[in-house]
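Labels below follow one simple rule: chain letters A, B, ... track the order of the sequence lines, proteins then strands, and each chain is numbered from 1.
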2 protein chains.
Amino acid sequence: MAIPSTSIQGTLADQVFKKLQDDIVLGVLPPGSKLGETELATRYGVSRGPLREAIRRLEARKLVERAPHVGARVAQLSLQDLIEIYHVREALEGMAAKLAAQNMTDEAVKALYEVLAQHEQQQDIKEDVAYFQREGDLDFHYQVIHGSHNKSLIQMLIGDIYHMVRMYRYQFSTVTNRPQLALREHRQIVEAIEARDGEMAEWLMRRHIRRARENIERQHKAGIEPKVGHVKE
Amino acid sequence: MAIPSTSIQGTLADQVFKKLQDDIVLGVLPPGSKLGETELATRYGVSRGPLREAIRRLEARKLVERAPHVGARVAQLSLQDLIEIYHVREALEGMAAKLAAQNMTDEAVKALYEVLAQHEQQQDIKEDVAYFQREGDLDFHYQVIHGSHNKSLIQMLIGDIYHMVRMYRYQFSTVTNRPQLALREHRQIVEAIEARDGEMAEWLMRRHIRRARENIERQHKAGIEPKVGHVKE
DNA sequence: TTACTGCTCTTTGTCTACAAAACACATAGG
DNA sequence: CCTATGTGTTTTGTAGACAAAGAGCAGTAA
């Protein structure tokens with residue numbers, strides 16, 4: 001009954017994809033750096049075939065930019081791009097909160113309260129830290145999104161946007177994000193969900209994310225610049 | 001100064017990707033049918049390499065489903081999935097309308113009115129027909145989305161969701177979609193955008209898409225079933 | 001000095017061949 | 001008669017070799 005060894009970690013292409021994504025998101029491969037196929041293939045110990053597949057998938061996720069016959073580079077992202085993504089998040093997570101109020105099970109709501117309590121204990125928690133660092137069920141936004149029971153929504157927020165935002169956080173100096181206010185806002189959202197008040201939940205979630213965006217825009221105007229990754233030639 | 005011949009149509013992988021996507025969206029390859037690499041490679045006259053890349057990109061767009069060591073199949077989509085996508089559209093296009101009211105140029109608003117006038121002349125037009133058949137600037141939703149001036153939003157709606165919805169329309173009997181009402185709703189949206197009333201534009205757009213979804217759900221409950229594509233073995 | 005042209009060299013795109021995993025069928029056992 | 005197991009075939013995954021397009025550099029002419 002033993003599972004074949006290769007299936008445990010998936011195909012080589014899958015492994016390279018995950019590793020490469022991590023290296024990009026965590027800044028090991030700085031933004032704008034060239035992704036030479038031969039170089040990376042030897043680096044990860046695979047042939048160029050699986051590596052090309054990994055690059056294509058990352059291209060679809062907008063983590064790398066590619067030009068035919070020229071090659072791929074780690075996506076270089078402007079603060080304007082980040083702000084645009086927060087508009088998308090506002091729309092999608094707002095909808096997620098609304099649907100969560102409608103569709104979430106009572107057990108899931110209870111679990112949400114527990115996450116909340118846990119966060120309130122670690123008062124030094126930074127806004128979105130959990131969302132960006134823990135990949136699991138322990139995060140607030142993560143649980144609300146899943147509570148929507150909408151596969152497309154989950155896919156877009158967790159699968160696609162998640163990694164982009166994570167990369168941004170390594171490119172730009174991380175904004176210090178109003179921990180107490182965020183916690184209050186989280187609690188309000190959960191209470192709206194528990195009350196099955198979808199409209200309220202959506203409105204609160206949108207305000208929550210809008211405020212985060214406005215916070216970023218403020219710092220932007222204040223002249224905060226991204227840490228420029230030295231483009232590795 | 002002649003452009004190299006291969007660059008005109010892009011790489012083989014690009015060509016195969018476009019062709020394969022068309023064949024899937026238009027139903028030439030029915031939902032659920034197996035996408036054998038060798039078979040398709042010979043069919044499109046290329047080797048398996050470029051074909052695999054095309055399949056991976058379609059997988060990222062959720063047009064094909066794949067299992068390791070098993071292969072890829074054309075995505076089989078339930079009506080529930082379609083409804084979920086309309087929730088996403090409601091959120092995203094609502095935001096697009098709001099941003100369009102803020103960012104659209106006066107010229108673009110004028111062009112929008114012209115599209116509207118054109119649609120009002122062909123009274124037999126069906127809701128969303130333009131959105132799904134014309135791929136260009138002539139469509140109402142298309143222009144509003146672009147008016148948002150938000151690259152992520154445009155990418156998600158035009159690049160990703162667009163093709164999925166298009167495929168659904170071939171899988172399911174096309175709903176007859178209230179042409180007169182839709183036109184009235186379109187006009188209201190344009191007027192809100194012209195008045196630079198973002199909140200109103202968003203609210204109207206969301207209602208517009210919500211009604212389309214409710215229309216689908218009604219027909220669903222009435223027992224309308226998808227045309228089952230015979231799964232080609 | 002500067003701009004253009006041609007060459008070379010590197011990198012990407014593509015193809016073919018081989019390895020490995022899954023599926024299908026047949027056969028034997030309960 | 002049904003189930004389980006083993007073998008053969010098919011299909012996917014991976015590697016390596018070849019073809020072609022782009023980038024950089026040198027040399028030459030204005």
What is the distance, to the nearest angstrom, from the [atom1] atom on [X] to the [atom2] atom on [N]?
X       : N      : atom1 : atom2 : result
A:Asp14 : D:dG13 : CG    : P     : 9 Å
A:Leu35 : C:dT10 : CG    : C1'   : 16 Å
A:Tyr44 : D:dA15 : OH    : P     : 15 Å
B:Glu53 : C:dG13 : CD    : P     : 7 Å
A:Leu12 : D:dT12 : CG    : P     : 17 Å
B:His69 : C:dA24 : NE2   : P     : 17 Å
B:Glu37 : C:dA22 : CD    : P     : 15 Å
B:Phe17 : C:dT14 : CZ    : P     : 14 Å

Practice task
Under 4.0 Å between any heavy atoms, over every strand shown, what does B:Leu51 touch: base, sugar-phosphate, or nothing? Just pick one.
Solution key: nothing

Practice task
Identify whether any heavy atom of B:Gly36 sits under 4.0 Å from a base atom; if not, whether one sits that close to sugar-phosphate; answer base, sugar-phosphate or nothing.
Solution key: sugar-phosphate

Exercise for the section: State which of C:dG13, C:dC15, D:dA15 makes the closest approach to the side chain of B:Val46. Expected result: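 Of the options given, the side chain of B:Val46 lies nearest C:dC15.
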
Practice task
Identify which nucleotide among C:dG13, C:dA22, C:dC15 has an atom closest to any side-chain atom of A:Arg66, counting heavy atoms from C-beta outward.
Solution key: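 For A:Arg66, the side-chain atoms sit closest to C:dG13.
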
Handout entry: Short N-O contact, B:Arg48 and B:Glu37, less than 4.0 angstrom
Key = yes

[N] OP1/OP2 closer than 4.0 Å to side-chain N/O of [X]:
X       : N      : result
B:Arg52 : D:dT12 : no
A:Lys34 : D:dA23 : no
A:Arg48 : D:dG13 : no
A:Arg73 : C:dT11 : no

Practice task
State, without any angle test, whether B:Tyr86 and B:Asn215 hold a side-chain donor-acceptor pair at a distance under 3.5 Å.
Solution key: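 B:Tyr86 vs B:Asn215: no donor-acceptor pair found between side chains.
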
Problem - Donor-acceptor pair between A:Arg61 and A:Gln21 side chains, under 3.5 angstrom - result: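 A donor-acceptor contact under 3.5 Å links the two side chains.
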
Exercise for the section: Identify the two heavy atoms, one from B:Val25 and one from B:His163, that lie closest to each other, and give their separation to 0.1 Å. Expected result: CG2-O, 4.0 Å

Handout entry: Aromatic ring proximity A:His141/A:His208, centre distance under 6.0 Å
Key = yes

Fill in the blank from the handout: Taking for A:Ser47 and for B:Val70 the nucleotide of DNA chain D with the nearest heavy atom, the one nearer the 5' end belongs to B:Val70

